[in-house]
Amino acid sequence: MNDSIKIHVLHTGQVQTDIALPFNNQPTINPIAYTGIFRSKKYQNKLPVSAYLIEHPKGLVLVDTGWHTDVRGNQRKYMGKIHYQINKAILPEGQAINEQLNSMGIKISDLDYVILSHLDIDHASGIKLVKEAKHILTSDIEWAAAKKSPVRYLQHMWEGVDVKTFQMTSSEYGPMERSFDLFGDGSIICVHTPGHSKGMTATVVQREGKFVLLAADCGYAAKSWENMILQGVIVNKREAIESLQWVKEMAKDPRCIEALANHDTNVQPHTIIV
Ligand SMILES: [Zn+2]
């Protein structure tokens, strides 16, 4: 068991949005229902915002960072009025990523890698809270997309942070058959799962023929892939369907220990041993 891998599923607060953002199968004729514009408050929903701490024999790896503590102040100013219209951050004391690592006795500088599945605000907002990590990585495709889309992506979140990129190469993994192998031993694979964003990656953590799939925002809950429910924010619908289909197949695989959507209300913080 010594070389087992431990995954801590952490909730770094919640995100509040219109229900049409996570689940775009709502009975509405409003094509921008997911923004909450012209929609009743009764459609507002709170979803957890997950981050994952992986204790791996080769190092400590954090996947996603959740909200920055600055959202506790003037949130509208922090995220701008468009983002503030679409989603609100909820971050109780003690739930920011640095606060949780601290209470686990982990120093930020102990983190060997921080992997950002994609650079949306609820995943990358906390990046400055972990900037002393040894390596902060996202896919080169996501990084390029973020530079080109200043409305969707808040550039100030990573100001002064040394973000490096990884390239995905052709592999057996994912709908695009492209991935990046973090340690070069097949144990942590960042898999290209575009659709929600251009360069999003899901993370496969595997050992001795069993795996856990951290599905990022391919779907907002297990029911997304079980019932093939797309979400409201999509840059490429065909790719979003292919990515969700791939997650569905992986989740059904008998070798799969757990498949986790980042924002699934049915998932509580817990620890998984791979
Ligand atoms: Zn998200």
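Whatever order the structure lists them in is the order used to number ligands and atoms, beginning at 1.
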For residues 104-113, dump all side-chain donor-acceptor pairs below 3.5 Å to protein atoms at least two apart in sequence or in another chain.
unit_1 : atom_1 : unit_2 : atom_2 : d
Asp110 : OD2    : Lys107 : N      : 3.1
Asp112 : OD1    : Lys134 : NZ     : 3.2
Asp112 : OD2    : Leu60  : N      : 2.8

Distance-only check: which donor-acceptor pairs under 3.5 Å involve side-chain atoms of residues 87-96, not counting sequence neighbours?
unit_1 : atom_1 : unit_2 : atom_2 : d
Asn87  : ND2    : His83  : O      : 2.9
Lys88  : NZ     : Tyr84  : O      : 2.6
Gln95  : OE1    : Gly13  : N      : 3.1

> How far apart are the closest heavy atoms of Leu47 and His263, and which atoms are they?
Replying inline: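 Looking at all heavy atoms of both residues, the shortest contact is CB-O, 3.7 Å.
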>> Looking only at side-chain N and O atoms, does Thr12 offer a donor or acceptor that is under 3.5 Å from a partner on Gln100?
In response: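 Looking only at side-chain atoms, Thr12 and Gln100 do not form any donor-acceptor pair under 3.5 Å.
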> Less than 4.0 Å between a side-chain N and a carboxylate O, is that true for Lys58 and Asp185?
Replying inline: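 So Asp185 pairs with Lys58 through a salt bridge.
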> Among all residues two or more places apart in sequence or in another chain, which pass the side chain to side chain donor-acceptor pair (under 3.5 Å) test with Gln14?
Replying inline: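 Expected list: none.
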> What's the count of protein N, O or S atoms under 2.8 Å from the Zn ion (ligand 1)?
Replying inline: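 Count of protein N, O, S atoms less than 2.8 Å from the Zn ion (ligand 1): 4.
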